[in-house]
Trainee: 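Please see the structure below; I have some questions.
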Amino acid sequence: MANTACFMIVSKNDIPIYEAEVGAAPRKEDAAHQHQFILHAALDIVQDLAWTTSAILHTRLMLLHDSRNDDGIKSFFQEVHELYIKTLLNPLYLPGSRITSSHFDTKVRALARKYL
């Protein structure tokens with residue numbers, strides 16, 4: 001597993017609807033803020049690319065990591081995307097609102113341990 005990783009889902013309105021610091025490194029408040037800053041800066045680049053294609057739903061799954069495991073990262077995104085779709089299909093979930101489900105959080109963290 002990577003020493004540190006920060007995962008975020010950002011709605012089409014640029015509002016973070018899910019955030020998780022995952023990894024083996026101890027959490028530090030400064031590091032968490034730095035990760036958020038880097039992800040928000042990367043979000044600008046992703047947003048510019050998103051407008052060049054019509055194949056995107058404009059909800060972005062962002063991962064900041066320090067590993068070189070391309071296959072694991074791909075598998076992580078595929079399974080988290082599937083989990084997010086299942087959340088969207090829940091009639092009690094309002095699309096674009098914060099994901100507060102403990103099941104979702106537990107599952108994302110388990111997938112991070114498995115693949116990153």
Trainee: With sequence neighbours excluded, give me every ring-ring contact (aromatic ring centres under 6.0 Å, His included) pair touching residues 86-116.
Mentor: Y18-F104
Trainee: Tell me every residue that passes side chain to side chain contact (heavy atoms under 4.5 Å, CB included) with I85, counting only those two or more places apart in sequence or in another chain.
Mentor: H81, L88, L89
Trainee: Enumerate the residue pairs fulfilling salt bridge (charged side-chain N to carboxylate O under 4.0 Å, His left out) with a member in residues 87-96, sequence neighbours excluded, ordered by first and then second residue.
Mentor: none
Trainee: Can F7 and L61 be said to form a side chain to side chain contact (heavy atoms under 4.5 Å, CB included), step by step?
Mentor: CA-CA 7 Å; F7 176 69; L61 282 70; 4.1 Å; yes
Trainee: Apply side chain to side chain contact (heavy atoms under 4.5 Å, CB included) to D71 and list each qualifying residue two or more places apart in sequence or on a separate chain.
Mentor: N69
Trainee: Can you check whether I15's main-chain N or O pairs, donor with acceptor, with N13's side chain at less than 3.5 Å?
Mentor: no
Trainee: Got a salt bridge between E21 and R109, using NZ or NE/NH1/NH2 to carboxylate O under 4.0 Å?
Mentor: no
Trainee: Can you list the residues that meet the side chain to side chain contact (heavy atoms under 4.5 Å, CB included) rule with I73, with sequence neighbours excluded?
Mentor: L63, H65, S67, F77, L116
Trainee: At what distance, to the nearest 0.5 angstrom, does CE of M8 lie from CE of M62?
Mentor: 8.0 Å
Trainee: If we only count heavy atoms from C-beta on, is the T59 to V10 side-chain gap below 4.5 Å?
Mentor: no
Trainee: Would you indicate whether the side-chain heavy atoms of D14 and R60 approach each other to under 4.5 Å?
Mentor: yes
Trainee: To the nearest 0.5 Å, what is the distance between CG (L83) and CG (L111)?
Mentor: 7.0 Å
Trainee: Are D70 and K74 close enough for a salt bridge, meaning some N to O gap below 4.0 Å?
Mentor: no
Trainee: For residues R98 and P16, report the shortest heavy-atom separation together with the two atoms involved.
Mentor: NH1-O, 2.9 Å
Trainee: Atom OG1 in T87, atom CG in L92: separation rounded to 0.5 Å?
Mentor: 11.5 Å
Trainee: For E79, enumerate each residue passing the salt bridge (Lys or Arg N to Asp or Glu O under 4.0 Å) test, keeping only those at least two apart in sequence or located in another chain.
Mentor: none
Trainee: Should V108 and Y84 count as side-chain neighbours, where that means a heavy-atom distance under 4.5 Å?
Mentor: no
Trainee: Please give me the minimum heavy-atom distance between I17 and S11, naming the atom from each residue.
Mentor: CG2-CB, 3.9 Å
